[in-house]
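Below is one structure, written out as C-alpha coordinates; comments come after it.
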Amino acid sequence: MTVRVGVIGAGWIGKEHIRRLTDAVTGARVTAVTDIDAARAEEAAAPAGARVLPDGAALIAADDVDAVLVTSWGPTHAEHVLNAVAAGKPVFCEKPLATTVEDCLRIVEAETTLGRRLVQVGFMRRYDAGYRKLKQVIDSGRIGEPLIVHCAHRNPTVPESYTSAMAALDTAVHEVDVLRWLLDDEIVSAQVVVPRATGKRFDHLRDPQIMLFETAKGVRIDLEVFVNCQYGYDIQCEAVGEEGVVRLPDPASVGLRSAGRHSTEILTDWVHRFADAFDTEFREWIAGVAAGAQPTGPSAWDGYAATVITSATVEALESGTVVATDLKPRPALYGGAA
(Lines give C-alpha, C1' and ligand atoms only; values in the text may rest on other atoms or scores of the structure.)
Protein backbone atom coordinates (compact mmCIF):
# COMPACT_ATOMS: atom_id res chain seq x y z
CA MET A 1 0.00 0.00 0.00
CA THR A 2 1.18 3.50 -0.82
CA VAL A 3 0.17 5.96 1.91
CA ARG A 4 -1.04 9.22 0.38
CA VAL A 5 0.06 12.08 2.65
CA GLY A 6 -1.31 15.61 2.80
CA VAL A 7 1.00 18.26 4.24
CA ILE A 8 -0.29 21.33 6.09
CA GLY A 9 2.45 23.94 6.25
CA ALA A 10 5.10 24.53 3.60
CA GLY A 11 7.80 26.32 5.56
CA TRP A 12 11.33 24.98 5.89
CA ILE A 13 10.47 21.91 7.95
CA GLY A 14 7.42 21.18 5.78
CA LYS A 15 9.55 21.24 2.63
CA GLU A 16 12.18 19.08 4.29
CA HIS A 17 9.60 16.45 5.27
CA ILE A 18 8.08 16.51 1.78
CA ARG A 19 11.57 15.81 0.42
CA ARG A 20 12.02 13.04 3.01
CA LEU A 21 8.69 11.37 2.20
CA THR A 22 9.43 11.61 -1.53
CA ASP A 23 13.10 10.59 -1.61
CA ALA A 24 13.94 8.68 1.59
CA VAL A 25 10.79 6.83 2.64
CA THR A 26 9.28 3.96 0.67
CA GLY A 27 5.55 3.43 0.60
CA ALA A 28 4.63 7.11 0.83
CA ARG A 29 3.53 9.73 -1.67
CA VAL A 30 2.76 13.38 -0.97
CA THR A 31 -0.48 14.09 -2.81
CA ALA A 32 -1.60 17.46 -1.41
CA VAL A 33 -0.04 20.53 0.20
CA THR A 34 -1.52 23.64 1.73
CA ASP A 35 -0.03 26.77 3.29
CA ILE A 36 -1.26 30.25 4.20
CA ASP A 37 1.12 31.44 1.45
CA ALA A 38 -0.19 29.89 -1.79
CA ALA A 39 3.03 30.56 -3.70
CA ARG A 40 5.05 28.79 -1.02
CA ALA A 41 2.64 25.84 -1.17
CA GLU A 42 3.07 25.63 -4.95
CA GLU A 43 6.87 25.66 -4.59
CA ALA A 44 6.79 22.91 -1.97
CA ALA A 45 4.28 20.74 -3.85
CA ALA A 46 5.98 20.82 -7.25
CA PRO A 47 8.90 18.42 -6.58
CA ALA A 48 6.47 15.79 -5.27
CA GLY A 49 3.93 16.26 -8.04
CA ALA A 50 1.32 17.13 -5.41
CA ARG A 51 -1.66 19.40 -5.84
CA VAL A 52 -2.25 22.54 -3.76
CA LEU A 53 -5.42 22.87 -1.70
CA PRO A 54 -6.83 26.10 -0.22
CA ASP A 55 -6.69 25.22 3.50
CA GLY A 56 -6.20 22.53 6.10
CA ALA A 57 -9.87 21.56 6.27
CA ALA A 58 -10.00 20.90 2.53
CA LEU A 59 -6.79 18.88 2.66
CA ILE A 60 -7.98 16.70 5.56
CA ALA A 61 -11.27 16.03 3.79
CA ALA A 62 -9.62 15.17 0.44
CA ASP A 63 -10.24 11.66 -0.91
CA ASP A 64 -6.62 11.32 -2.03
CA VAL A 65 -5.23 11.97 1.48
CA ASP A 66 -4.89 8.91 3.72
CA ALA A 67 -2.77 10.55 6.43
CA VAL A 68 -2.01 14.13 7.47
CA LEU A 69 1.31 15.80 8.30
CA VAL A 70 1.04 19.07 10.26
CA THR A 71 4.07 21.36 9.95
CA SER A 72 2.30 24.72 10.12
CA TRP A 73 2.70 27.55 12.66
CA GLY A 74 2.44 26.19 16.22
CA PRO A 75 -0.80 27.97 17.25
CA THR A 76 -2.63 26.30 14.32
CA HIS A 77 -1.63 22.74 15.27
CA ALA A 78 -4.59 21.98 17.55
CA GLU A 79 -7.18 22.91 14.92
CA HIS A 80 -5.65 20.68 12.25
CA VAL A 81 -5.00 17.73 14.58
CA LEU A 82 -8.56 17.85 15.95
CA ASN A 83 -9.97 17.97 12.42
CA ALA A 84 -7.86 14.95 11.40
CA VAL A 85 -9.01 12.96 14.45
CA ALA A 86 -12.63 13.87 13.68
CA ALA A 87 -12.08 12.62 10.12
CA GLY A 88 -10.58 9.37 11.42
CA LYS A 89 -7.25 9.98 9.64
CA PRO A 90 -3.78 9.32 11.12
CA VAL A 91 -2.00 12.59 11.79
CA PHE A 92 1.67 13.31 12.42
CA CYS A 93 2.12 16.69 14.15
CA GLU A 94 5.50 18.33 14.51
CA LYS A 95 6.06 19.63 18.03
CA PRO A 96 4.38 21.26 19.78
CA LEU A 97 1.18 19.24 19.73
CA ALA A 98 -0.46 22.53 20.74
CA THR A 99 0.75 25.76 22.29
CA THR A 100 -1.61 25.61 25.28
CA VAL A 101 -2.27 22.89 27.83
CA GLU A 102 -6.00 23.29 27.24
CA ASP A 103 -5.70 22.54 23.52
CA CYS A 104 -3.50 19.52 24.23
CA LEU A 105 -6.19 18.18 26.57
CA ARG A 106 -8.84 18.70 23.88
CA ILE A 107 -6.83 16.47 21.56
CA VAL A 108 -6.29 13.84 24.26
CA GLU A 109 -10.02 13.88 25.03
CA ALA A 110 -10.92 13.58 21.32
CA GLU A 111 -8.73 10.49 20.95
CA THR A 112 -9.98 9.02 24.22
CA THR A 113 -13.58 9.45 23.09
CA LEU A 114 -12.72 7.82 19.76
CA GLY A 115 -11.04 4.97 21.64
CA ARG A 116 -8.14 4.76 19.21
CA ARG A 117 -4.79 6.51 18.79
CA LEU A 118 -4.40 8.45 15.55
CA VAL A 119 -1.93 11.14 16.63
CA GLN A 120 1.86 11.00 16.64
CA VAL A 121 4.00 13.95 17.78
CA GLY A 122 7.33 14.75 16.14
CA PHE A 123 9.84 14.09 18.91
CA MET A 124 12.53 12.56 16.72
CA ARG A 125 15.11 11.81 19.42
CA ARG A 126 13.31 8.56 20.27
CA TYR A 127 14.42 7.39 16.81
CA ASP A 128 18.08 8.32 17.16
CA ALA A 129 20.32 5.23 17.22
CA GLY A 130 22.32 6.51 20.19
CA TYR A 131 19.27 7.24 22.32
CA ARG A 132 17.80 3.85 21.43
CA LYS A 133 20.97 2.13 22.62
CA LEU A 134 20.89 4.23 25.78
CA LYS A 135 17.34 3.08 26.48
CA GLN A 136 18.24 -0.56 25.82
CA VAL A 137 20.95 -0.37 28.48
CA ILE A 138 18.70 1.37 31.03
CA ASP A 139 15.81 -1.06 30.40
CA SER A 140 18.15 -4.07 30.68
CA GLY A 141 19.03 -3.15 34.26
CA ARG A 142 22.77 -3.24 33.53
CA ILE A 143 23.35 0.01 35.47
CA GLY A 144 20.77 -0.79 38.13
CA GLU A 145 18.02 1.70 38.95
CA PRO A 146 18.71 5.17 37.50
CA LEU A 147 19.44 7.79 40.16
CA ILE A 148 20.70 10.88 38.33
CA VAL A 149 20.73 12.09 34.71
CA HIS A 150 23.09 14.82 33.48
CA CYS A 151 22.21 16.50 30.17
CA ALA A 152 23.40 19.36 28.00
CA HIS A 153 21.77 20.98 24.97
CA ARG A 154 24.11 23.46 23.32
CA ASN A 155 23.58 25.53 20.17
CA PRO A 156 26.29 27.71 18.62
CA THR A 157 24.00 30.77 18.32
CA VAL A 158 20.34 31.78 18.18
CA PRO A 159 18.65 34.72 16.42
CA GLU A 160 17.60 37.89 18.24
CA SER A 161 13.97 36.72 18.12
CA TYR A 162 14.81 33.82 20.48
CA THR A 163 13.46 34.50 23.99
CA SER A 164 14.37 33.16 27.43
CA ALA A 165 11.12 31.16 27.55
CA MET A 166 12.06 29.42 24.29
CA ALA A 167 14.93 27.70 26.11
CA ALA A 168 12.24 25.48 27.66
CA LEU A 169 9.44 25.62 25.10
CA ASP A 170 11.52 25.10 21.92
CA THR A 171 14.87 23.70 23.07
CA ALA A 172 14.57 21.69 26.30
CA VAL A 173 11.24 20.22 25.15
CA HIS A 174 13.23 17.54 23.30
CA GLU A 175 15.05 16.49 26.48
CA VAL A 176 11.76 16.56 28.41
CA ASP A 177 10.20 14.06 26.02
CA VAL A 178 13.19 11.78 25.55
CA LEU A 179 13.94 11.62 29.28
CA ARG A 180 10.36 10.63 30.12
CA TRP A 181 10.75 7.86 27.53
CA LEU A 182 14.24 6.78 28.58
CA LEU A 183 13.32 6.51 32.26
CA ASP A 184 9.72 5.35 31.80
CA ASP A 185 8.99 7.89 34.52
CA GLU A 186 7.11 11.17 34.88
CA ILE A 187 8.59 14.58 35.65
CA VAL A 188 6.80 16.03 38.68
CA SER A 189 8.63 19.32 39.29
CA ALA A 190 10.85 21.88 37.58
CA GLN A 191 13.30 24.51 38.76
CA VAL A 192 15.61 26.85 36.81
CA VAL A 193 18.92 28.26 38.00
CA VAL A 194 20.49 31.05 35.95
CA PRO A 195 24.30 31.26 36.22
CA ARG A 196 26.50 34.07 34.98
CA ALA A 197 25.24 35.09 31.54
CA THR A 198 27.40 34.72 28.46
CA GLY A 199 28.49 37.96 26.85
CA LYS A 200 27.74 36.39 23.45
CA ARG A 201 23.96 36.60 23.95
CA PHE A 202 21.49 39.34 23.01
CA ASP A 203 20.81 41.54 26.05
CA HIS A 204 17.23 40.34 26.59
CA LEU A 205 18.19 36.66 26.81
CA ARG A 206 19.04 34.68 29.94
CA ASP A 207 21.64 32.22 28.70
CA PRO A 208 22.78 29.70 29.81
CA GLN A 209 20.06 28.18 31.99
CA ILE A 210 20.31 25.12 34.23
CA MET A 211 17.01 23.26 34.50
CA LEU A 212 16.47 20.88 37.39
CA PHE A 213 13.77 18.23 37.23
CA GLU A 214 12.56 15.57 39.63
CA THR A 215 10.65 12.47 38.55
CA ALA A 216 7.92 10.52 40.30
CA LYS A 217 10.48 7.81 41.21
CA GLY A 218 12.89 10.36 42.66
CA VAL A 219 15.40 10.56 39.80
CA ARG A 220 17.10 13.95 39.66
CA ILE A 221 17.84 15.48 36.26
CA ASP A 222 20.05 18.48 35.54
CA LEU A 223 19.91 19.98 32.06
CA GLU A 224 22.23 22.71 30.84
CA VAL A 225 20.65 24.73 28.03
CA PHE A 226 23.28 26.97 26.44
CA VAL A 227 22.16 28.38 23.11
CA ASN A 228 25.11 30.67 22.38
CA CYS A 229 27.98 28.27 23.11
CA GLN A 230 29.73 29.31 19.85
CA TYR A 231 31.62 26.06 19.23
CA GLY A 232 28.92 23.78 17.79
CA TYR A 233 25.69 21.84 18.26
CA ASP A 234 26.36 19.49 21.14
CA ILE A 235 23.87 17.10 22.76
CA GLN A 236 24.98 15.19 25.86
CA CYS A 237 23.19 12.74 28.15
CA GLU A 238 24.58 10.57 30.96
CA ALA A 239 22.49 8.32 33.21
CA VAL A 240 23.97 7.38 36.59
CA GLY A 241 22.60 4.18 38.05
CA GLU A 242 23.14 2.13 41.20
CA GLU A 243 25.64 -0.13 39.46
CA GLY A 244 27.02 1.81 36.51
CA VAL A 245 26.90 4.79 34.18
CA VAL A 246 25.80 4.98 30.54
CA ARG A 247 26.46 7.87 28.17
CA LEU A 248 24.90 8.91 24.89
CA PRO A 249 27.52 8.43 22.15
CA ASP A 250 28.68 11.40 20.14
CA PRO A 251 27.95 11.23 16.38
CA ALA A 252 30.47 9.12 14.52
CA SER A 253 33.33 11.18 13.16
CA VAL A 254 36.79 10.43 11.82
CA GLY A 255 39.79 11.27 13.97
CA LEU A 256 42.13 13.71 12.25
CA ARG A 257 45.83 13.80 13.17
CA SER A 258 47.46 16.88 11.68
CA ALA A 259 49.76 19.75 12.64
CA GLY A 260 50.54 18.26 16.03
CA ARG A 261 46.89 17.73 16.97
CA HIS A 262 44.33 14.95 17.13
CA SER A 263 40.82 16.29 16.49
CA THR A 264 37.30 15.19 15.64
CA GLU A 265 34.59 17.26 14.00
CA ILE A 266 31.73 18.78 16.02
CA LEU A 267 28.44 19.27 14.16
CA THR A 268 27.05 22.79 14.03
CA ASP A 269 23.30 22.25 13.61
CA TRP A 270 20.46 19.92 14.61
CA VAL A 271 19.55 19.14 11.00
CA HIS A 272 22.67 17.05 10.43
CA ARG A 273 22.79 15.72 14.01
CA PHE A 274 19.35 14.10 13.77
CA ALA A 275 18.93 13.53 10.01
CA ASP A 276 18.92 9.74 10.37
CA ALA A 277 16.49 9.95 13.30
CA PHE A 278 14.04 11.97 11.17
CA ASP A 279 14.25 9.39 8.38
CA THR A 280 13.66 6.49 10.77
CA GLU A 281 10.79 8.33 12.43
CA PHE A 282 8.94 8.74 9.14
CA ARG A 283 9.72 5.26 7.86
CA GLU A 284 8.20 3.74 10.98
CA TRP A 285 5.19 6.07 10.94
CA ILE A 286 4.41 5.33 7.29
CA ALA A 287 4.86 1.57 7.83
CA GLY A 288 2.40 1.70 10.71
CA VAL A 289 -0.17 3.69 8.74
CA ALA A 290 0.14 1.27 5.81
CA ALA A 291 -0.47 -1.66 8.16
CA GLY A 292 -3.51 0.01 9.70
CA ALA A 293 -1.84 -0.05 13.12
CA GLN A 294 -2.13 2.54 15.85
CA PRO A 295 1.01 4.71 16.06
CA THR A 296 3.67 3.55 18.49
CA GLY A 297 5.65 6.80 18.58
CA PRO A 298 5.17 9.80 20.86
CA SER A 299 1.46 10.13 21.57
CA ALA A 300 -0.98 12.96 22.13
CA TRP A 301 -0.45 12.28 25.84
CA ASP A 302 3.29 12.76 25.38
CA GLY A 303 2.59 16.03 23.57
CA TYR A 304 0.34 17.14 26.44
CA ALA A 305 2.94 16.16 29.07
CA ALA A 306 5.70 18.04 27.24
CA THR A 307 3.59 21.19 27.08
CA VAL A 308 2.69 20.97 30.79
CA ILE A 309 6.30 20.39 31.86
CA THR A 310 7.85 23.08 29.66
CA SER A 311 5.17 25.57 30.75
CA ALA A 312 6.03 24.77 34.39
CA THR A 313 9.72 25.29 33.54
CA VAL A 314 9.00 28.75 32.14
CA GLU A 315 7.04 29.55 35.31
CA ALA A 316 9.99 28.34 37.39
CA LEU A 317 12.36 30.58 35.43
CA GLU A 318 10.15 33.63 35.95
CA SER A 319 9.31 32.97 39.62
CA GLY A 320 12.61 31.56 40.85
CA THR A 321 10.71 28.77 42.63
CA VAL A 322 10.24 25.02 42.27
CA VAL A 323 7.05 24.46 40.26
CA ALA A 324 4.99 21.26 40.34
CA THR A 325 3.88 19.97 36.94
CA ASP A 326 0.41 18.77 38.07
CA LEU A 327 -0.27 16.42 35.19
CA LYS A 328 -3.75 14.95 34.89
CA PRO A 329 -4.18 11.19 35.43
CA ARG A 330 -3.02 9.30 32.34
CA PRO A 331 -5.93 7.71 30.41
CA ALA A 332 -5.90 3.95 29.76
CA LEU A 333 -5.54 4.60 26.01
CA TYR A 334 -2.00 5.84 26.72
CA GLY A 335 -1.04 3.17 29.22
CA GLY A 336 -2.59 4.66 32.34
CA ALA A 337 -4.70 2.91 34.96
CA ALA A 338 -8.02 1.66 33.61
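For the single chain, residues carry numbers from 1 onward in sequence order.
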Starting at [atom1] of [X], measure out to [atom2] of [Y] and round the result to the nearest 0.5 Å.
{"X": "I235", "Y": "H153", "atom1": "CD1", "atom2": "NE2", "answer": "4.0 Å"}
{"X": "M124", "Y": "F282", "atom1": "CE", "atom2": "CZ", "answer": "11.0 Å"}
{"X": "R125", "Y": "R132", "atom1": "CZ", "atom2": "CZ", "answer": "15.0 Å"}

Check whether any side-chain heavy atom of Q209 sits under 4.5 Å from a side-chain heavy atom of V193, and report yes or no.
-> no
Quiz item: Does D35 reach the side chain of S72, with side-chain heavy atoms less than 4.5 Å apart?
Solution: no
**Prompt:** Cut-off 3.5 Å, side chains only: do Q236 and D234 have a donor facing an acceptor?
**Reply:** yes
Between W301 and Y304, what is the ring plane arrangement, given parallel below 30°, perpendicular above 60°, and tilted in between?
tilted
Open item on the list: Quick one, Y127 with W285, criterion side chain to side chain contact (heavy atoms under 4.5 Å, CB included). Give me CA distance, side-chain angles, the key distance, then yes/no.
Closed with: CA-CA 11 Å; Y127 299 88; W285 179 61; over 6 Å; no
Looking at every heavy atom in both [X] and [Y], which two are closest together, and how far apart are they?
{"X": "S161", "Y": "M166", "answer": "O-SD, 3.8 Å"}
{"X": "Q120", "Y": "P295", "answer": "OE1-CB, 3.6 Å"}
{"X": "T325", "Y": "S189", "answer": "CG2-N, 4.0 Å"}
{"X": "V194", "Y": "P208", "answer": "CG1-O, 3.9 Å"}
{"X": "A50", "Y": "V30", "answer": "CB-O, 3.4 Å"}

request  = Report the C-alpha distance between D302 and R126 in whole Å, list the side-chain angles of each, state the deciding distance to 0.1 Å, and finish with yes or no for salt bridge (Lys or Arg N to Asp or Glu O under 4.0 Å).
outcome  = CA-CA 12 Å; D302 295 317; R126 297 191 189 196; 3.3 Å; yes
(Q) Let's go through H77 and E94 carefully: what are the C-alpha distance in whole Å and the side-chain angles of both, what is the deciding distance for side chain to side chain donor-acceptor pair (under 3.5 Å) to 0.1 Å, and is it a yes or a no? (A) CA-CA 8 Å; H77 286 189; E94 270 299 348; over 6 Å; no
task: For side chain to side chain contact (heavy atoms under 4.5 Å, CB included), just list the numbers for K89 and L118, CA-CA rounded to whole Å, side-chain angles, deciding distance to a tenth of an Å, and then say yes or no.
output: CA-CA 7 Å; K89 293 187 177 182; L118 290 173; over 6 Å; no
From the list D276, T268, D269, side chain to side chain donor-acceptor pair (under 3.5 Å) with H272 holds only for D269
Checklist entry - side chain to side chain donor-acceptor pair (under 3.5 Å) between R154 and Y231: does it pass, once the steps are laid out? => result CA-CA 9 Å; R154 303 184 184 118; Y231 71 86; 3.1 Å; yes
